[in-house]
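A short worksheet on the structure shown next.
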Amino acid sequence: MEGIEHRMIKVNGINIHIAEKGEGPVILFLHGFPELWYSWRHQILALSSMAYRAVAPDLRGYGDSDAPDSVESYTCFHIIGDLVERIDVLNPDVGKVFVVGHDWGAYMAWLLCLFRPDKVKALVNLSVPFRRFDREIKPVDVRKANYGDDYYISRFQEYGEIEGEFAEVGVERVVKEYLCDFPVLLPKGKLFKRPLDEPITLPSWLTEEEANYYVTVFQKTGFTCPINYYRNLGRNWELLGPWVGSKIKTPAKFIVGDKDLVYGMPGMKEYIHNGGFKDVPSLEQVVVMKGVSHFINMEKPEEISSHIYDFFCQFH
């Protein structure tokens, strides 16, 4: 990771770790679960060589960033508050940046554009589309109804429970299971499909050294604070009431792999391709990458970097 600089910045009352490289317009990269700034390593190197300043934080609760103890410190308002102040620190003269998000980072990037469109020049989001807020049923209840009690979001709700089960399995196993084959169902007593004595073969896009970077960091931090994002799904649903029917008017591009667990959710293909994005009227392109799964920015780094560059260069 030659030339990538690391520093801490104070925003919204906490310290956030950022990795950055390059000179030029700022691109802010937002990671998902269970990830780190490191998931954007390929894009940082690529975009910084194309006259951009690439910046990737560890989101609050992850990596070297501060991790407040309370579950309530991980609502969408807290995360967006962090992002707004971070943008002001990174680009005080202009006050707005390009944004790229994946997974939880994509969800927060959509909300950043909804809450503070003045802070975002243009957006490229990966994996997670913007979905209209359903006011009839809470999001965790929807998941439980569709997938049952073993669904990972259902299993993440009870504080400390899944962390205890992860501890029994070991951080290394948990991290590699997620990065290799994001497990959607986590049955009690048999969390993963593979027997624990069966070694994991890493995918071609992830080296042992790269996987071990995640393992080392999560061995230090644990999973509680990242999982707290999921524990705030119901609280976010309540907080987002005032924005029902609001539209995201930031110029946007959406990219997803056809093997992504999100793309395979019931009704998701129809939503993406048949008008579900009507609340994002400035969405300019939807790209579905064949044979690609959830960690799209690591699986197809060159293609994703090209998509980002080709889209953002229109807005100078």
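Index from 1, following the sequence.
For Y229 and F156, the distance between ring centers is not under 6.0 angstrom. In this structure, Y230 has its ring center closer than 6.0 angstrom to the ring center of W104. The ring of F254 has its center no closer than 6.0 angstrom to the ring center of F130.
Taking the six-membered ring for Trp and thresholds of 30 and 60 degrees, H294 and H102 have ring planes inclined between 30 and 60 degrees apart. Classification of the F98-F315 ring pair by plane angle, with boundaries at 30° and 60°, yields tilted. By the 30° and 60° cut-offs, the orientation of the rings of Y52 relative to H316 is tilted. Classification of the W205-F295 ring pair by plane angle, with boundaries at 30° and 60°, yields tilted.
Remark: the backbone N or O of G105 is not paired with any side-chain donor or acceptor of D103 at under 3.5 angstrom. Formation of a donor-acceptor pair under 3.5 Å by the E210 side chain with backbone atoms of T207 is found in this model. Listed for the K249 side chain is no donor-acceptor partner under 3.5 Å among the backbone atoms of C113. Side-chain atoms of N91 come within 3.5 Å of backbone N or O of K96 as a donor-acceptor pair. A donor-acceptor pair under 3.5 Å links the side-chain atoms of Y214 to the main chain of S39, judged by distance alone. Checked by atom type and distance alone, the side chain of D66 pairs as donor or acceptor with a backbone atom of N15 at under 3.5 Å.
We find that K119 and D88 are joined by a salt bridge, their nearest charged nitrogen and carboxylate oxygen being less than 4.0 Å apart. Between E20 and R53 there is a salt bridge, since at least one side-chain N of the basic residue sits less than 4.0 Å from a carboxylate O of the acidic one. Under a 4.0 Å N-O distance rule, the pair E158/R231 does not qualify as a salt bridge. Classification of E165 and K188 as a salt-bridged pair fails, no side-chain N sitting under 4.0 Å from a carboxylate O. One finds no salt bridge joining E85 and K10 here, because no Lys/Arg side-chain nitrogen approaches an Asp/Glu carboxylate oxygen to under 4.0 Å. Contact check on K259 versus D181 returns no salt bridge, with no Lys/Arg side-chain nitrogen under 4.0 Å from an Asp/Glu carboxylate oxygen. Under a 4.0 Å N-O distance rule, the pair E208/K176 qualifies as a salt bridge. Classification of K193 and E177 as a salt-bridged pair fails, no side-chain N sitting under 4.0 Å from a carboxylate O.
With Y263 as the aromatic partner, K269 meets the cation-pi criteria of under 6.0 angstrom to the ring centre and within 45 degrees of the ring axis.
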Verdict with reasoning, H17 to H6, per side chain to side chain donor-acceptor pair (under 3.5 Å): CA-CA 7 Å; H17 163 251; H6 297 264; 2.9 Å; yes

Intermediate values then yes/no, side-chain contact (heavy atoms from CB on, under 4.5 Å), L240 and F115: CA-CA 10 Å; L240 289 168; F115 298 162; 3.5 Å; yes

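For the pair Y147 and P266, the tightest heavy-atom approach, listed with the atom from each and the gap, is OH-CD, 2.7 Å. Of all heavy-atom pairs between I14 and P68, the closest is CG2-CG, 4.2 Å.
A chain of hydrophobic side-chain contacts below 4.5 Å, direct or via other Ile, Leu, Val, Met, Phe, Trp or Tyr residues, connects F77 to V244. Residues V120 and W243 are members of one and the same hydrophobic cluster, defined by side-chain heavy-atom contacts under 4.5 angstrom among Ile, Leu, Val, Met, Phe, Trp and Tyr.
The distance from the CD1 atom of I16 to the CG atom of L59 is 7.0 Å, given to the nearest 0.5 Å.
Using modelled atom types and a 3.5 Å distance limit, the side chains of H42 and E302 yield no donor-acceptor pair. Neither side chain, N146 nor R143, offers a donor N or O lying under 3.5 Å from an acceptor on the other.
Counting heavy-atom neighbours within 6.0 Å of K21 NZ, excluding the residue itself, gives a total above 12.
Of the candidates D149, I227, L185, I162, I162 is the only one forming a side-chain contact (heavy atoms from CB on, under 4.5 Å) with R155.
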